[in-house]
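In what follows, a single structure is set out as structure tokens and then discussed.
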Protein chains: 4
Amino acid sequence: MSAVHPTKKEVVSGYRRACILKAARKVFARHGFEGATMDDVAEACSIAKGTLYLYFKSKRQIYMGVFKQDLQILRETSQRAIDAAHSPGEKIRAFVTSRLAFCDRNNSFFKIYNSDASAIFVTPHPTHKELKEFYFEQSRVLESLIAEGIRSGELREVSPQAAAFAIYDMTRSLVSRRILGLADQAPLDEEAGVLLDLIWRGIGKDGPA
Amino acid sequence: MSAVHPTKKEVVSGYRRACILKAARKVFARHGFEGATMDDVAEACSIAKGTLYLYFKSKRQIYMGVFKQDLQILRETSQRAIDAAHSPGEKIRAFVTSRLAFCDRNNSFFKIYNSDASAIFVTPHPTHKELKEFYFEQSRVLESLIAEGIRSGELREVSPQAAAFAIYDMTRSLVSRRILGLADQAPLDEEAGVLLDLIWRGIGKDGPA
Amino acid sequence: MSAVHPTKKEVVSGYRRACILKAARKVFARHGFEGATMDDVAEACSIAKGTLYLYFKSKRQIYMGVFKQDLQILRETSQRAIDAAHSPGEKIRAFVTSRLAFCDRNNSFFKIYNSDASAIFVTPHPTHKELKEFYFEQSRVLESLIAEGIRSGELREVSPQAAAFAIYDMTRSLVSRRILGLADQAPLDEEAGVLLDLIWRGIGKDGPA
Amino acid sequence: MSAVHPTKKEVVSGYRRACILKAARKVFARHGFEGATMDDVAEACSIAKGTLYLYFKSKRQIYMGVFKQDLQILRETSQRAIDAAHSPGEKIRAFVTSRLAFCDRNNSFFKIYNSDASAIFVTPHPTHKELKEFYFEQSRVLESLIAEGIRSGELREVSPQAAAFAIYDMTRSLVSRRILGLADQAPLDEEAGVLLDLIWRGIGKDGPA
DNA sequence: TATGAATGAGTCTTCATTCAT
DNA sequence: CATGAATGAAGACTCATTCAT
């Protein structure tokens, strides 16, 4: 099995794919899907244009490749942070901060991710389905953390789904603003702190009332 | 003066522009900016391609035209709702609900708006600058409502800007999910209620404690 | 007959044609035939584009109109100068100098004329035939002046046709250079003098010898 | 190095460029720059339209390519003929006759060359600058031959520049007439002889007088 | 007669994809 | 496997000409 003894061929092939994806990520982040050309990608990884087609069936396949790879990494990073936390509250905090940190670091990924999240509106491509699933998967992760928090009494009785979406969206949007330079570039921790405070306590003067 | 006695020519010309914008809105919503062709737009309003260029200098100008028109309407609708409310809290609620209602109704606008909000990441076009300004303008409206709420003691001491962004983003994202069919299609009021509850009280068990 | 009692209609019509030709001359001189647009012409004579088609069947017809009009004036100017001279030698000089002076003054005409003289090479349009005929007509005028000079003993026995062409061409080219600013802008008289001296005596040290 | 061992690729590429230029020359000669389409050119050398853009950046670049190539050949041909002659007089004759012969053979070049020489009047394009320089370069060659002839006593004291222009222009115009079929198609030698006789001795009855 | 809005054929150029070497 | 030359479909935009008013 290739899993056991990757042949030399497979190693080289894997290397090539990785190289293409890396180059493509940069290119797509800079020019967007439509704006990027296969020539750009080929040049960015010092490879012939035709070769790209040996590893990916089309421009869109490359795009999806970049996408899935990043999503996978984000998933894992996020999961690790959650696992390392102990209370539901801490886990939710971990979800938010790990995500903020990841996107802050990999902003070329985020640009693509976010761009696509909108393109989803227009032509529904396979990429989009993938994204949709990821979106749900992630918000379900959050949802179950919230549900657990409610059970443990750490959180008040809210709709786990609604709360999950709200947190998820605020997180995503905060990243957007930071990457676009639309907000003051306060340290990430601080911004995360403010955001978590809002999530936790809302803006109202007094609790349950 | 044209304001007083719009000539027949002006009426026709105005009608044509409106007609083009209307058709273009649909086309752009369906195919995105890149995906839409001038032929599509022309056909959608049953005029010759060349005619489009009598009213708009370029494809992008049409796009911007659609954009600005919708933005303007949203701005006004929103403002009216805010003005009709009395306490800061009510005004914030009005901001959120009017916006949700507007986007729910005009979803082809929202598709464009949102799509562009992401394209902003890649090539910074004039449209994008416009959008950025609108984004800030709107979040500042919210910001000042929040500041007022804090002064009046209705809200606790939060960062008005951070809170404004958070509310704005959650609202926007909720619309996205609804339009994409990513969430249960509960009645808008209900969803708005849930969202506002979260905004108001957060998810934590008890307030300041 | 209209020649006798031009109706008011004819007068207006004539005025319009003249106005169009005048505007067109400028436009064609500046942008060339291909580069000029009917909009340019219409604007240049403050008239609606459609109106142009009431007076001329097509863009090319306008062009030809400009052309023929100028050619006619040049023809007449030149002829008057020749008639005023007495000896064949003087007449030849008159031919050259009147032409130089005319083109120097009407350089927008000359630009068109010359441009067309070359376009003649490519697609043989009716305009070109006209031009060809004019070219021959003018060189025949010169030819017969030369023949007369030979008969009168003022000129040596040369091929009248060859000499006519040579003189004609040198004159035309001198104008080109002046209009293009390719040569020192000496006073026209002086340049004409040098040219005529060359025509008369050639460059060789001594005659037949 | 490519100069030593042109790779197969270079050979093919060179061949393609040459092929395109050859086809383009014909097309431009027949339709002019504006009248020629990229489709025409592509078809004329039996390649796809897109392929043209692999070798030239734009229509205009192809045009300029044709141009420069021909100019270079004419330059060299002419220079060789001049070098082979011994006295200044012979060299001038060589200049004229080699040029006549060249243009007579390559008349599609001449059509372009001449056409452009006029287009120079309208929009000053880079091509035109190139042409202008060539024009001056060539007339300076002639000018120095004349100056030398004057020094050697073979020619009378004339303005070398004026004489150079005159000869150059007559030569060019003679070619025009021949290509256009405006003159009797006498053998080239004969026409050259007549022209040179005129240049040498002018048309006047007696020498210095 | 005068207008100028409408038309749509025609142009250059780009770029994803194929395929012979 | 790798290459990169070749392809040709597609798209934005122009402009001479027409025609309803």
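Throughout, a chain's letter reflects where its sequence line sits, starting with A, and its residues are numbered from 1. Below, all heavy atoms of this structure are taken into account, side chains as well, without hydrogens, waters or symmetry copies.
Atom-to-atom, CD of E34(D) to P of dC15(F) comes out at 10 Å; the value is rounded to the nearest Å. Rounded to an integer number of Å, the gap from NE2 of H31(A) to C1' of dT14(E) is 15 Å. Atom P of nucleotide dA12(F) and atom CZ of R60(B) are separated by 12 Å, given to the nearest angstrom. Atom CG in L52(D) sits about 15 Å away from atom P in dA9(F), given to the nearest Å. Between Y53(A) atom OH and dC1(F) atom P there is a gap of 18 Å when expressed in whole angstrom units. Straight-line distance from the NZ atom of K57(C) to the P atom of dT17(F): 10 Å, rounded to whole Å. The distance between atom CD1 of I47(B) and atom P of dC19(F), rounded to the nearest whole Å, is 19 Å. Going from atom CZ of F56(D) over to atom P of dT13(E) covers 13 Å, rounded to whole Å.
Under the Watson-Crick and G-U wobble criteria, each requiring two contacts below 3.5 Å, nucleotide dT3(E) is paired to dA20(F). Remark: dT11(E) base-pairs with dA12(F). Criterion, Watson-Crick or G-U wobble with two distances under 3.5 Å.
Side-chain contact between I47(D) and I20(D) is present, with at least one heavy-atom pair separated by less than 4.5 Å. Side-chain contact between S58(B) and Q61(B) is present, with heavy atoms from C-beta onward closer than 4.5 Å.
Comparing S58(A) and A48(B) against DNA chain E, the residue whose closest nucleotide sits nearer the 5' end is A48(B). Projected onto DNA chain F by closest heavy-atom contact, G50(C) and A36(B) fall at different nucleotides, the more 5' of which corresponds to A36(B).
Among dG4(E), dA16(F), dT14(E), the nucleotide with an atom closest to any side-chain atom of K59(C) is dA16(F). Picking from dT3(F), dT13(E), dT17(F) the nucleotide with the shortest atom distance to the side chain of M38(C) gives dT17(F). In this structure, of dT3(F), dA16(E), dA5(F), it is dA5(F) that holds the atom nearest to the side chain of L54(D).
The side chain of T51(B) places an N or O atom within less than 4.0 Å of a non-bridging phosphate oxygen (OP1 or OP2) of dT7(E). Remark: Y55(A) is in phosphate contact with dC1(F), judged by side-chain N or O atoms under 4.0 Å from OP1 or OP2. The side chain of T37(C) contributes no N or O atom lying less than 4.0 Å from OP1 or OP2 of dC15(F).
The cationic group of R25(D) does not satisfy the cation-pi geometry with F109(D), failing either the under 6.0 Å distance to the six-membered ring centre or the 45° limit from the ring axis. Judged by the 6.0 Å and 45° rule, R17(B) forms a cation-pi pair with F56(B).
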Determine, step by step, whether K59(A) and F28(A) satisfy the side-chain contact (heavy atoms from CB on, under 4.5 Å) criterion, reporting the C-alpha distance in whole Å, the side-chain angles of both residues, the deciding distance to 0.1 Å, and the verdict. CA-CA 11 Å; K59(A) 185 183 174 184; F28(A) 285 129; 4.3 Å; yes
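Nucleic acid contact for A42(D): none, since no nucleic acid atom lies under 4.0 Å from a heavy atom of the residue.
Remark: the K49(A) side chain and the dT17(E) base include a donor-acceptor N/O pair separated by less than 3.5 Å.
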